[in-house]
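Here the structure comes first, spelled out in structure tokens, and everything after it is commentary.
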Amino acid sequence: LLLYTFLPVQAKASHITGGEMFYNYAGFSGGQHHYNVTLKLYQRCNSGRQFPNPAIVSVFDKTTGLRVFDLNVPISTQETISITNPDPCITNPPTVCYEVAYYDFSVNLPSSISGYVIASQVNFRINGINNLQPGYSNIGALYTAEIPGTGGSASDPDNTSAFFTGSDLVIVCANNDFSYSFAA
């Protein structure tokens, strides 16, 4: 028992490698705009980590920044994506594999002049991010979607966010042609 008391313990948290949030307008009834929202998080395969479940998603007033409400959203589905046939331009190709968690939920919001921001924050990012200030290699990430308000037009909240159709797995080889669809 004393041996276990003095041994260092390593904590494991979810180390997210990326994510996105998008929504579809589902209609208006009862004085509320209805949106179907998806939060999508990625992490490396076989990391021994788990996605947050539930994820905490918050809705904020776009002008004041005040939190309107929070949601605890469970994982809807999970999938594994990988590159099984890498481009022959790569010698000794690395294993490219990600686990993807989808959090699908609905939000009902009254009309607002300024609109709303839907946001979810993860506390841990993957180690080794090198484009951050020194000492901040393990900070979190924030994934957001903005719901427009009625300030421009009463029909502005009748909006669906962009959803990018390109593959989540892309390899770029030096000195070779590269083509990728950024269609939404």
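Just so it is clear, the structure is predicted and the values come from calculations on it, not from any experiment. Starting from 1, each residue takes its place in the sequence as its number. Computed from heavy atoms alone, side chains included, the values below leave out hydrogens, waters and symmetry copies.
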**Message:** Do Ser155 and Phe28 make a side-chain contact, defined as non-hydrogen atoms from C-beta onward lying under 4.5 Å apart?
**Reply:** no
query: Arg44 and Tyr98: side chain to side chain contact (heavy atoms under 4.5 Å, CB included), yes or no, with the steps?
result: CA-CA 5 Å; Arg44 288 184 301 196; Tyr98 291 97; 4.2 Å; yes
Asp70 meets the side-chain hydrogen bond (donor to acceptor under 3.5 Å, both in side chains) criterion, sequence neighbours left out, with Ser58, Arg67
Rounded to the nearest 0.5 Å, the CG atom of Asn36 sits from the CZ atom of Phe105 at a distance of 10.0 Å
Smallest heavy-atom separation, Pro157 atom then Gly149 atom, equals CD-O, 3.8 Å
Scanning both residues in full, the closest heavy-atom pair of Tyr103 with Val73 reads CD2-O, 3.3 Å
- request: Indicate if Leu66 and Val57 have the same hydrophobic cluster label, given that clusters are the connected sets of ILVMFWY residues with side-chain heavy-atom separations under 4.5 angstrom.
  value: no
**Report entry** Working for side chain to side chain contact (heavy atoms under 4.5 Å, CB included), residues Cys97 and Asn46
**Finding:** CA-CA 9 Å; Cys97 181; Asn46 304 315; 5.6 Å; no
More than 12 heavy atoms of other residues, nucleotides or ligands under 6.0 Å from CD1 of Ile113: yes or no? no
- Query: Among the clusters formed by ILVMFWY side chains lying less than 4.5 Å apart, do Val122 and Phe60 turn up in the same one?
  - Reply: no
d(Asp61 CG, Ser112 OG) to nearest 0.5 Å is 5.5 Å
**Pro52 vs Leu41 side-chain heavy atoms within contact, under 4.5 Å** = yes
Closest heavy-atom pair, Lys40 versus Val100, reported as atoms and distance to 0.1 Å, is CG-CG1, 3.7 Å
With sequence neighbours left out, the residues meeting side-chain hydrogen bond (donor to acceptor under 3.5 Å, both in side chains) with Ser82 are none
To the nearest 0.5 Å, atom CG of Asn24 lies from atom NE2 of His34 at 14.5 Å
Between Tyr23 and Thr160, the two heavy atoms sitting closest are O-CG2, 3.1 Å
Output for pair (Ile56 CD1, Asn72 CG), nearest 0.5 Å, gives 5.5 Å
Take Tyr25 and Tyr35 through the ring pair (Phe, Tyr, Trp, His ring centres under 6.0 Å) test and state the conclusion after the steps.
CA-CA 5 Å; Tyr25 184 71; Tyr35 300 92; 5.4 Å; yes
Original post:
Has Leu142 got more than 12 heavy atoms of other residues, nucleotides or ligands less than 6.0 Å from its CG?
Top reply: yes
For Glu146 and Lys62, the nearest pair of non-hydrogen atoms, with its separation, is OE1-NZ, 2.8 Å
Smallest heavy-atom separation, His33 atom then Ser111 atom, equals NE2-OG, 3.0 Å
Using a 3.5 Å distance criterion without hydrogens, assess whether the side chain of Ser120 forms a donor-acceptor pair with backbone atoms of Tyr143. no
Of Val37, Leu109, Asp156, Val117, the one forming a side-chain contact (heavy atoms from CB on, under 4.5 Å) with Ile147 is Leu109
